[in-house]
There are 2 protein chains.
Amino acid sequence: MLAEPTRRRILDLLLERPHPVGELTARLGLTQPGTSKHLRVLREAGLVQVRIDAQRRWYELCPAPLAEIDTWLTPYRRLWATSLDALELHLETMGNDQ
Amino acid sequence: MLAEPTRRRILDLLLERPHPVGELTARLGLTQPGTSKHLRVLREAGLVQVRIDAQRRWYELCPAPLAEIDTWLTPYRRLWATSLDALELHLETMGNDQ
DNA sequence: CCGGTATATTCCCTTCTCGGTATATTCAAG
DNA sequence: CTTGAATATACCGAGAAGGGAATATACCGG
């Protein structure tokens, strides 16, 4: 879901401010249907919501699912909490495998 | 990538402690090749690393990519930090919007 | 060297994803 | 009612992903 770079770019654009589909299309360099399909995925994942203004659809961020990821990440955070741990893990990585 | 529930379970198991493939297979209820293939994906994404001990492969967490997600998440965090902070930032950054 | 154990790789099939083109829908304006 | 703008949906093809079964590889004990 968030592995998709295009969708992360959409979220980054929506972090600035809400955008209508046409602007997103232009800034992403996609076709309009391509943009709409990403927006549909994001909508169904609850990451964005739409505000309808005549023919324009203003898409805006819905941060709740991101907050859930943030929560899921919590127990892992101790792994890089101190620079010492990070350095140890880094050296281990370099020395062992790839 | 992390949308895959099986892979999130693998990471959760590896958060406890390193595991050899056989234990992961048993605790996940997958076939052994299925487990190995998920581990390969996680390895190529840099999320786990292997320590070889005779025939056993001990898989352990590699937190760097998770730290990157944590970093990517940073600018979004203000959206749910506290409702008061969120409102303040909203007014600061989007004062002229609608 | 041989058998057994632990793991990886390959093949096959089905389902999903992403991008594009073409078409439908909705609404405002005239 | 017709036109044009903004957006959504349907459909198609290439490629990736997920799972199982079968097979290969690597290593230990004897």
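Contacts of Q32(B) classified as side-chain hydrogen bond (donor to acceptor under 3.5 Å, both in side chains), with partners at least two apart in sequence or in another chain: S36(B). In this structure, the salt bridge (charged side-chain N to carboxylate O under 4.0 Å, His left out) partners of R40(A), at least two apart in sequence or on a different chain, are E44(A). Partners of A45(A) under the side chain to side chain contact (heavy atoms under 4.5 Å, CB included) rule, at least two apart in sequence or in another chain, are M1(A), L47(A). For R8(B), there are no side-chain hydrogen bond (donor to acceptor under 3.5 Å, both in side chains) partners two or more places apart in sequence or in a different chain.
The distance between atom CD1 of I10(A) and atom P of dC18(C), rounded to the nearest whole Å, is 11 Å. Whole-Å rounding puts the L2(A) CG to dC18(C) P distance at 11 Å. Protein atom CD of E4(A) is 13 Å distant from nucleotide atom C1' of dG15(D), rounded to whole Å. As a whole-Å value, the separation of R7(A) CZ from dG19(C) C1' is 12 Å.
Within the model, atoms CG of L14(A) and CD1 of I10(A) stand 7.0 Å from one another, a figure rounded to the nearest 0.5 Å.
The stretch residues 20-44 of chain A comes close to DNA chain D through P20(A), V21(A), G22(A), Q32(A), P33(A), S36(A), K37(A), R40(A), each having a heavy atom under 4.0 Å from the strand.
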- Task: Between protein and nucleotides 24-30 of chain C, map the contacts as a letter string: B base, S sugar-phosphate only, - none, heavy atoms under 4.0 Å, written 5' to 3'.
- Result: ---BS--
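Look at Y59(B) and you won't find any side-chain N or O under 4.0 angstrom from OP1 or OP2 of dA6(C).
Note on residues 38-67 of chain A: no pairs pass ring pair (Phe, Tyr, Trp, His ring centres under 6.0 Å), not counting sequence neighbours. Pairs passing the salt bridge (Lys or Arg N to Asp or Glu O under 4.0 Å) check and including a residue from residues 20-39 of chain B, sequence neighbours excluded, read E16(B)-R27(B), R17(B)-E23(B). Screening residues 63-73 of chain A for salt bridge (Lys or Arg N to Asp or Glu O under 4.0 Å), with sequence neighbours left out, gives D70(A)-R77(A), D70(A)-R77(B).
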